Protein chains: 2
Amino acid sequence: MTIPARCSTCPVRSAALCGKISDDAANALSRVMHRVRIPAGRVIYGAVEQPNSFAILVSGVVKLVITKPDGRQQIVGLQFPSDFVGRPFADGSTLSAEAATTLELCCCSGRAFENVLRDYPELERALLKRLVSDLDGARNWAFLLGRTTAQEKVASLLYVIADRMARSVVRGCQERPCALGLSLPLSRMEMAECLGLRLETVCRQITQLKSRGVISTMGRRAFDVLDMHELKQCAANATAVLDEAV
Amino acid sequence: MTIPARCSTCPVRSAALCGKISDDAANALSRVMHRVRIPAGRVIYGAVEQPNSFAILVSGVVKLVITKPDGRQQIVGLQFPSDFVGRPFADGSTLSAEAATTLELCCCSGRAFENVLRDYPELERALLKRLVSDLDGARNWAFLLGRTTAQEKVASLLYVIADRMARSVVRGCQERPCALGLSLPLSRMEMAECLGLRLETVCRQITQLKSRGVISTMGRRAFDVLDMHELKQCAANATAVLDEAV
DNA sequence: CGGGTCGTTGACTCGAATCAATATAGGTGG
DNA sequence: CCACCTATATTGATTCGAGTCAACGACCCG
């Protein structure tokens with residue numbers, strides 16, 4: 001038995017959960033999942049709504065945001081195409097997921113997903129691995145917030161976005177995804193919320209990166225990486241870069 | 001079949017992974033696990049050593065630390081008694097786990113653990129749930145690092161320590177674990193590494209909390225929470241507390 | 001009791017926040 | 001299609017919290 005046609009043409013299949021399991025399990029999964037389109041700004045799951053569903057992100061970007069009673073917000077993670085969206089066995093935390101852009105999701109109800117999970121232990125195993133790597137991601141995010149300068153934060157974010165957007169846009173080009181005209185899935189405000197900064201600070205850092213010829217911007221929601229290597233340098237160690245720029 | 005005697009007297013059993021599964025699974029697990037004692041400072045797992053093992057923390061505190069080539073360190077998580085220690089299916093990240101204090105672990109080899117995992121899907125399910133809650137923890141840690149003042153950071157850390165240490169020291173006392181003489185598992189330097197601050201800043205904030213009568217300290221490695229409610233207030237919203245203090 | 005590590009406090013600096021004033025993009029209606 | 005209008009973005013001036021540098025003090029070890 002082979003996988004369904006709609007799956008075999010799916011752009012994220014190889015990288016997503018459903019590409020890591022046997023055709024058998026993938027079939028069972030495909031039977032309960034369906035494509036949906038979600039407009040930007042929609043809350044996918046959060047403190048309020050409980051009909052928890054699960055999805056694989058096909059296109060677009062999801063932001064994971066923690067909001068405190070006093071209004072402070074922090075984006076604690078971004079999800080890109082091929083990522084798994086949902087909170088299995090959620091305990092109702094303060095975390096919510098929002099569409100940063102228009103999304104295409106391949107999704108199903110929590111109940112249906114948990115049934116397949118029970119029938120195919122290999123799926124549970126794959127999910128567990130993904131959670132471990134999400135956990136690594138969350139901890140690296142914490143490092144970024146705790147131990148880096150504004151310069152490094154902005155450079156890191158742009159690097160991650162360039163990396164993951166390029167991967168999902170031009171598949172096959174593993175070399176240098178430069179000069180592509182990447183679309184920026186976040187506003188300046190949202191970038192600030194990602195990085196624990198104010199939007200003015202994000203602006204200033206972007207201006208600096210532009211004046212150094214590392215990136216360029218076109219309008220509000222597009223940018224180019226002119227020098228991928230330099231951007232990575234900025235992300236890893238802003239001070240060293242500043243030294244050699246003197 | 002009942003669980004082994006050494007498990008039935010184990011202080012963390014009810015809260016740990018092994019208390020969330022059937023006696024059958026718990027038995028299988030107990031057969032491959034054994035108690036070990038680890039001195040403070042020992043690296044449990046990290047970038048170097050690969051013989052990955054898994055453990056349940058019985059006593060002591062483990063710190064999870066990310067170290068970058070340039071020497072910057074950030075503690076991205078703490079683990080307390082009953083927590084699961086280990087990285088299933090690790091992909092060799094920059095994360096390492098270190099004993100912050102002397103530890104008692106109930107541990108086994110990665111191979112043995114994965115065998116039991118295969119035989120008892122319920123164990124895998126329990127592990128998955130624990131990872132999801134770890135993920136929540138890591139994201140809340142990110143919020144703390146990104147969106148709070150030094151005051152809130154220090155208060156939050158002391159609150160978490162007081163909460164979890166009290167829970168493991170005086171079991172049964174669910175009311176107000178105040179005035180207990182809690183042992184502080186971290187040095188000032190380590191506290192700073194947790195919070196993305198400098199140790200001088202941690203000192204100053206501790207001094208402030210003392211002068212406001214929220215906590216008191218005895219020597220270097222012990223403290224008391226004099227007003228648990230106030231400490232929680234400081235953690236949640238330092239500014240409001242400052243306002244009413246004027 | 002002496003030495004060294006760790007913790008505390010003080011004086012000063014600096015990076016990011018804040019407050020404020022434009023500027024530009026992008027959508028809307030004429 | 002163009003002119004306007006509002007959001008969003010950018011830049012500048014200033015403030016403030018935390019970092020840095022330095023000295024001192026306290027605890028804990030032998």
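We name chains A, B, ... by the order of the sequence lines, and we start the count at 1 in each one. This is a predicted model, so every value here is computed, not measured.
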Could you state the atom-to-atom distance from CZ of B:F223 to C1' of D:dC27 in whole Å?
-> 19 Å
Between B:L78 and the options B:L186, B:V62, B:L64, the side chain to side chain contact (heavy atoms under 4.5 Å, CB included) test singles out B:L186
Winner on side-chain proximity to B:Q205, out of D:dA18, C:dT8, D:dT10, is D:dA18
Looking only at side-chain atoms of A:L197, point me to the closest of D:dA18, C:dA17, C:dT24.
-> C:dA17
When you get a sec, tell me which of D:dT10, D:dA26, C:dT8 is the closest nucleotide to the side chain of A:C203?
-> D:dT10
What is the distance from CD of A:Q208 to C1' of D:dA9, rounded to the nearest Å?
-> 17 Å
Determine which nucleotide pairs with D:dA7, using a 3.5 Å limit on both distances of a Watson-Crick or G-U wobble pair.
-> none
Minimum-distance nucleotide (side-chain atoms of A:T149 versus C:dG7, C:dA16, D:dT8) | C:dA16
Has the side chain of B:R198 got a donor or acceptor that lies under 3.5 Å from a partner of the other kind on the base of D:dA18?
-> no
Chi class for D:dA7: syn within 90° of 0, otherwise anti | syn
From CD of B:E190 across to P of C:dC6 the rounded distance in Å is 10 Å
Salt-bridged, B:R72 to B:D70, with N to O below 4.0 Å?
-> yes
Closer to the 5' end of DNA chain C via nearest nucleotide, is it A:R221 or A:V202?
-> A:V202
Can you tell me the Watson-Crick or wobble partner of C:dG15, both distances under 3.5 angstrom?
-> D:dC16
Do the side chain of A:R188 and the base of D:dT8 come within less than 3.5 angstrom through a donor-acceptor pair of N or O atoms?
-> no
Length of the line joining A:Q151:CD and C:dA16:P, which is rounded to integer Å = 9 Å
Whole-Å distance separating the CE atom of B:M218 from the C1' atom of C:dC6 | 18 Å
Please check if the side chain of A:T201 supplies one atom and the backbone of A:L197 the other of a donor-acceptor pair under 3.5 Å.
-> no
Any side-chain N or O of B:T201 less than 4.0 Å from the OP1 or OP2 oxygen of D:dG19?
-> yes
Between A:R147 (CZ) and C:dG15 (P), how many Å, whole number?
-> 17 Å
Is it true that A:R42 and A:E98 make a salt bridge, defined as a side-chain N closer than 4.0 Å to a carboxylate O?
-> no
Could B:D163 and B:K232 be called an ion pair, given the rule that one side-chain N must be under 4.0 Å from one carboxylate O?
-> no
Would you indicate which nucleotide in D:dG12, C:dA17, D:dA22 comes nearest to any side-chain atom of A:R204?
-> D:dG12
A:T207 side chain: which of C:dA16, D:dC27, D:dT11 is closest?
-> D:dT11
Check: A:V61 main-chain N/O paired with A:T101 side-chain donor or acceptor under 3.5 Å = yes
Counting heavy atoms from C-beta on, name the nucleotide in C:dT9, C:dT8, D:dT11 closest to the side chain of A:E200.
-> D:dT11
With the side chain of A:L199 defined as its heavy atoms from C-beta on, choose the nearest nucleotide among D:dT10, C:dC19, D:dG19.
-> D:dT10
Rounding to a whole Å, what distance do you find between A:E193:CD and C:dA16:C1'?
-> 17 Å
Let me know the distance between CZ of B:R72 and P of D:dG19, rounded to the nearest Å.
-> 14 Å
Residue A:K210, side-chain heavy atoms: nucleotide from D:dG19, D:dA9, D:dT10 that is nearest | D:dT10
